[in-house]
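Within every chain, numbering begins at 1; the chains are lettered A, B, ... in the order of the sequence lines, protein sequences first and strands thereafter.
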Protein chains: 2
Amino acid sequence: MSAAARHVIAVDDLREAWPALSPDERAEAFAALPAEDAEDFFVGLRPLGMAQILVRLPTARRRIWLRLLEPDDAADVLQELGAEERRELLALLDEPMRREVSALLAYEEDEAGGLMSPRYARVRPDMTVEEALRYLRRQALTRLETLYYAYVLDAGQRLLGVVSFRELFAAPGERRIDEIMVKELVSVPEDMDQEHVSRVVSRSDLVAVPVLDAEGRMKGIVTVDDIVDVVQEEATEDAQKFGGLAALETPYLQTGLGAMVRKRVAWLAVLFVGELLTASAMSRYEDELARAIVLAMFVPLIISSGGNSGSQAATLVIRAMALGEVKLKDWAVILRRELAAGLAMGLILSVLGMARVLLWEEMFGSYGRYAALIGVTVAASLVGVVLCGTLAGAMLPFLLRRLKLDPASASAPFVATLVDVSGVVIYFSVAELVLGGTLL
Amino acid sequence: MSAAARHVIAVDDLREAWPALSPDERAEAFAALPAEDAEDFFVGLRPLGMAQILVRLPTARRRIWLRLLEPDDAADVLQELGAEERRELLALLDEPMRREVSALLAYEEDEAGGLMSPRYARVRPDMTVEEALRYLRRQALTRLETLYYAYVLDAGQRLLGVVSFRELFAAPGERRIDEIMVKELVSVPEDMDQEHVSRVVSRSDLVAVPVLDAEGRMKGIVTVDDIVDVVQEEATEDAQKFGGLAALETPYLQTGLGAMVRKRVAWLAVLFVGELLTASAMSRYEDELARAIVLAMFVPLIISSGGNSGSQAATLVIRAMALGEVKLKDWAVILRRELAAGLAMGLILSVLGMARVLLWEEMFGSYGRYAALIGVTVAASLVGVVLCGTLAGAMLPFLLRRLKLDPASASAPFVATLVDVSGVVIYFSVAELVLGGTLL
């Protein structure tokens with residue numbers, strides 16, 4: 001063990017400091033934990049943290065910690081490692097566990113098979129309750145991860161029904177399992193993606209859901225505590241995409257500065273190039289601007305109002321899609337609603353805009369004899385821009401989903417950039433219409 | 001029952017259509033479900049949906065459905081109702097259940113007490129394993145909601161330890177409970193807020209966590225399936241705040257158009273008033289603009305680059321705070337990192353900006369003899385604006401949290417508005433510095 005292990009570290013301090021530590025510091029601090037705290041601490045870590053510690057331990061100690069894990073957790077840890085280290089750690093497992101873990105490693109990390117545990121309680125339909133309880137009791141400590149439901153399988157491993165452990169435990173001992181089992185059950189296919197699985201599980205109100213292969217054979221269970229992590233992960237990914245950057249995949253403080261800048265600047269550069277179009281759009285109106293420099297004053301106000309309303313609408317639709325409240329086929333309903341909402345909000349802002357122009361004219365004489373017409377230009381542009389922003393923000397997620405892309409990529413900055421360009425065009429077109437023959 | 005109940009509705013169709021239905025339509029469609037599907041369907045509903053159905057049923061049927069619910073779920077349903085309807089429904093419960101539900105109603109909906117179930121398995125420390133199993137078996141069907149852990153309480157209801165049911169089941173029958181129980185356990189106080197509870201539960205990897213009052217007496221358990229809902233709710237709330245609108249609290253399609261517009265336009269109006277400052281800032285530079293109208297072309301480009309980088313930084317920090325990865329005291333670390341990241345990203349965008357100006361000058365002769373200086377102005381402003389946006393986005397959530405406000409209110413639109421105003425000032429100040437004596 002490392003030299004730093006001489007002094008003992010308090011487990012709460014370590015938990016506090018953990019996110020800010022480098023992998024080497026983590027392994028060292030972990031080694032310095034009092035033995036009675038280390039196990040609890042280790043089991044509470046995320047797979048990445050476990051992997052960072054394991055690869056830095058001597059082989060004999062690796063085996064001890066690795067064997068603490070259930071097969072699905074062990075598979076998650078190995079998934080964090082390179083091929084070489086993965087092989088080394090797999091070799092430390094005993095034969096049955098190695099087989100289970102290898103089977104799990106064949107699944108994608110983010111599908112039902114990659115989330116499931118193969119250690120569930122199985123019983124046969126022709127057992128009595130008493131027999132089933134005796135049978136489960138023998139297996140409880142070694143072969144089971146959980147004891148929430150007993151799954152009833154036929155000889156071909158096909159799932160026939162389920163009994164909650166509570167009901168099994170309370171039923172008269174001589175009843176047959178197939179008399180008390182529930183036959184209609186919620187299950188997920190092994191290749192269902194994790195976001196979908198999390199919706200099924202959270203809607204079912206079950207603590208565990210069985211995972212079946214294409215032939216209806218039971219492969220494992222996904223438990224709801226794994227789903228909590230999935231839901232957090234997916235929400236983080238969506239939030240990061242929506243904020244206009246590629247998903248980080250690692251916690252903020254553990255992402256290197258270089259990687260962080262790369263993930264962010266790529267999006268910023270794309271948006272910048274899009275935003276260059278505003279410069280081109282504005283230069284088309286250079287003559288108008290030269291004649292009425294006052295028009296320039298309201299450009300930021302007008303385009304940002306479009307961006308803000310677009311960002312609102314996109315947030316609502318993306319989140320409602322993520323929760324399954326809104327589906328692709330609902331686009332026409334949303335379009336109608338957002339049309340009405342956008343119009344209403346545009347009108348309200350246009351009153352504010354008009355008031356600002358008239359008030360400043362009254363107080364400071366800012367805009368001269370055409371103040372009223374300038375006010376009308378600003379107000380009418382606001383209605384157009386807010387409506388356009390709202391519709392773009394609401395419909396873009398549908399378009400992206402239709403193209404099989406992630407709706408969360410309709411990020412606030414992306415919508416804002418889109419709306420900025422059209423905002424410039426709307427504003428100057430309205431100006432030409434309203435001010436033509438007077439100011440222009 | 002209503003006339004519409006004549007034809008029978010397929011449960012999958014109803015599940016599909018549910019979010020789009022009005023409360024009356026929901027109650028009617030529910031009444032038309034085949035009896036064998038209705039129970040499953042009802043139990044899978046969220047509290048609001050259950051409440052909408054219950055208040056529309058005749059009293060006799062209300063009682064049947066209400067009694068299907070566990071006390072914590074019943075309390076959630078009653079919390080959706082007005083005082084009058086709540087009293088009516090409470091009166092339908094039998095005495096012990098009414099007491100349990102009333103006790104739960106005393107808690108806030110969003111604290112540990114409001115999430116917990118009072119029906120957990122309790123055993124005494126001096127029981128043997130065999131006695132405990134017999135005791136639990138008698139209670140399993142009526143008094144327990146779940147059977148994951150047996151909690152060991154002393155005569156004063158204080159929590160001494162816990163045995164997982166799996167271990168209890170597998171232990172030799174003559175062992176005493178206090179010999180096999182785990183004494184170090186995770187628990188939460190009854191008034192802990194649900195976001196915090198969800199972090200504790202998800203970090204603990206437990207299926208249920210005990211809730212204690214200030215004296216250490218056990219009041220109930222929070223199970224992880226309730227936490228999934230909490231995590232979803234909190235993520236939705238954060239996303240909506242970040243997108244620049246007040247949290248809706250009801251699903252998108254169930255929120256009336258009027259309520260929706262109100263929740264959105266309030267924020268839009270606040271941002272609009274903030275954004276009016278850009279018009280004031282720009283009019284300070286009216287003379288400069290009149291002399292060099294070309295400066296106006298780049299205003300949207302420059303301020304939106306600041307907004308985008310601010311939105312990125314705010315997303316990262318807010319999400320890292322929500323996950324507990326970043327704490328208030330980490331502000332200095334984040335400041336240093338974002339300073340470096342902002343500078344790097346600003347420099348990269350400034351190269352793009354410079355390239356655009358020189359390229360257009362080369363190809364179209366857009367900017368005349370001072371093209372290089374205009375390029376320098378744009379490039380230098382971009383560094384300043386991106387740096388300013390990044391720092392504002394990263395630090396604002398800390399400021400809000402310090403003021404005990406929700407960091408998620410540092411929304412993309414809010415940061416963008418803040419940065420727009422400073423962007424205008426930075427841009428024109430740089431222009432005066434670089435172009436003073438030539439163009440200006």
Side-chain angles (χ1 to χ4, degrees), chain A residues 19 44 137 140-141 147 165-166 169-170 202 205 224-225 227-228 231 235-236 239-240 243-245 251-252 257 260-261 264-265 268 271-272 275-276 278-279 282-283 289-290 293 296-301 303-304 308 311-312 315-316 319-320 325 340-341 344-345 348-349 352 356 412-413 420, chain B residues 19 137 140-141 147 165-166 169-170 202-203 205 224-225 227-228 231 235-236 239-240 243-245 251-252 257 260-261 264-265 268 271-272 275-276 278-279 282-283 289-290 293 296-301 303-304 308 311-312 315-316 319-320 325 340-341 344-345 348-349 352 356 412-413 420:
Chain A
R137 195 161 182 174
L141 272 189
L147 203 56
F165 196 76
R166 178 167 70 107
F169 197 55
S202 78
D205 269 332
V224 73
D225 51 309
I227 295 300
V228 172
V231 167
T236 301
Q240 292 180 347
L245 69 163
Y252 175 87
L257 195 62
M260 172 95 82
V261 169
R264 288 161 69 168
V265 85
L268 280 187
L271 294 170
F272 185 84
E275 198 72 36
L276 282 174
T278 59
M282 285 199 54
S283 43
L289 267 175
I293 198 77
M297 309 297 133
F298 298 103
V299 168
L301 176 70
I303 63 179
S304 75
N308 291 345
S311 153
Q312 276 193 345
T315 305
L316 283 172
R319 194 62 204 160
E325 289 169 12
M345 299 190 298
I348 295 171
L349 291 195
L352 291 177
R356 162 65 162 76
D420 280 359
Chain B
R137 194 160 181 173
L141 272 189
L147 203 56
F165 196 78
R166 179 168 68 107
F169 196 57
S202 78
R203 203 166 43 199
D205 268 331
V224 73
D225 52 311
I227 294 300
V228 173
V231 168
T236 301
Q240 292 180 347
L245 69 163
Y252 175 88
L257 196 60
M260 172 93 84
V261 168
R264 288 162 68 169
V265 84
L268 280 186
L271 293 170
F272 184 83
E275 197 73 35
L276 282 174
T278 58
M282 286 202 47
S283 41
L289 267 176
I293 198 76
M297 310 297 134
F298 297 104
V299 167
L301 177 70
I303 64 179
S304 75
N308 291 344
S311 153
Q312 275 194 347
T315 305
L316 283 173
R319 194 62 204 160
E325 289 168 12
M345 297 189 299
I348 294 171
L349 291 195
L352 290 178
R356 161 67 163 74
D420 280 359

- line: In this structure, OG of A:Ser283 is separated from CD1 of B:Ile293 (nearest 0.5 Å) by 12.0 Å
Atom of A:Ala296, atom of B:Leu289 and distance for their closest heavy-atom approach: CB-CD1, 4.0 Å
query: Among A:Leu352, A:Thr236, A:Val228, which residue forms the greatest number of heavy-atom pairs with chain B at distances under 4.5 Å?
result: A:Thr236
- request: Can you tell which part of B:Ala320 gets under 4.5 Å to a heavy atom of chain A, answering side chain, backbone, both or neither?
  value: side chain
statement: Heaviest contributor of heavy-atom pairs below 4.5 Å to chain B, chosen from A:Leu257, A:Asn308, A:Asp225, A:Val299, is A:Asn308
query: Do you know which of A:Arg319, A:Met345, A:Arg356 has the most heavy-atom pairs with chain B at a distance under 4.5 angstrom?
result: A:Arg319
- line: If you tally heavy-atom pairs under 4.5 Å between each of A:Leu316, A:Ile348, A:Leu271 and chain B, the highest tally belongs to A:Leu316
field: Proximal component of B:Ile303, with respect to chain A [non-hydrogen, under 4.5 Å]
entry: side chain
For A:Ser311, all residues meeting side chain to side chain donor-acceptor pair (under 3.5 Å), sequence neighbours excluded: none
field: Region of A:Asp420 in contact with chain B, defined by heavy-atom distances below 4.5 Å
entry: side chain
- prompt: Quick one: does B:Gln312's side chain have a donor or acceptor within less than 3.5 Å of a partner on A:Arg264's backbone?
  reply: yes
- line: Counting heavy-atom pairs under 4.5 Å with chain B, the top scorer among A:Thr278, A:Ile227, A:Leu301 is A:Leu301
- request: Might you point out which heavy atoms bring B:Met260 and B:Tyr252 nearest each other, and give the distance in Å?
  value: CE-CE1, 3.3 Å
field: With B:Phe298 via ring-ring contact (aromatic ring centres under 6.0 Å, His included) - residues at least two apart
entry: B:Tyr367
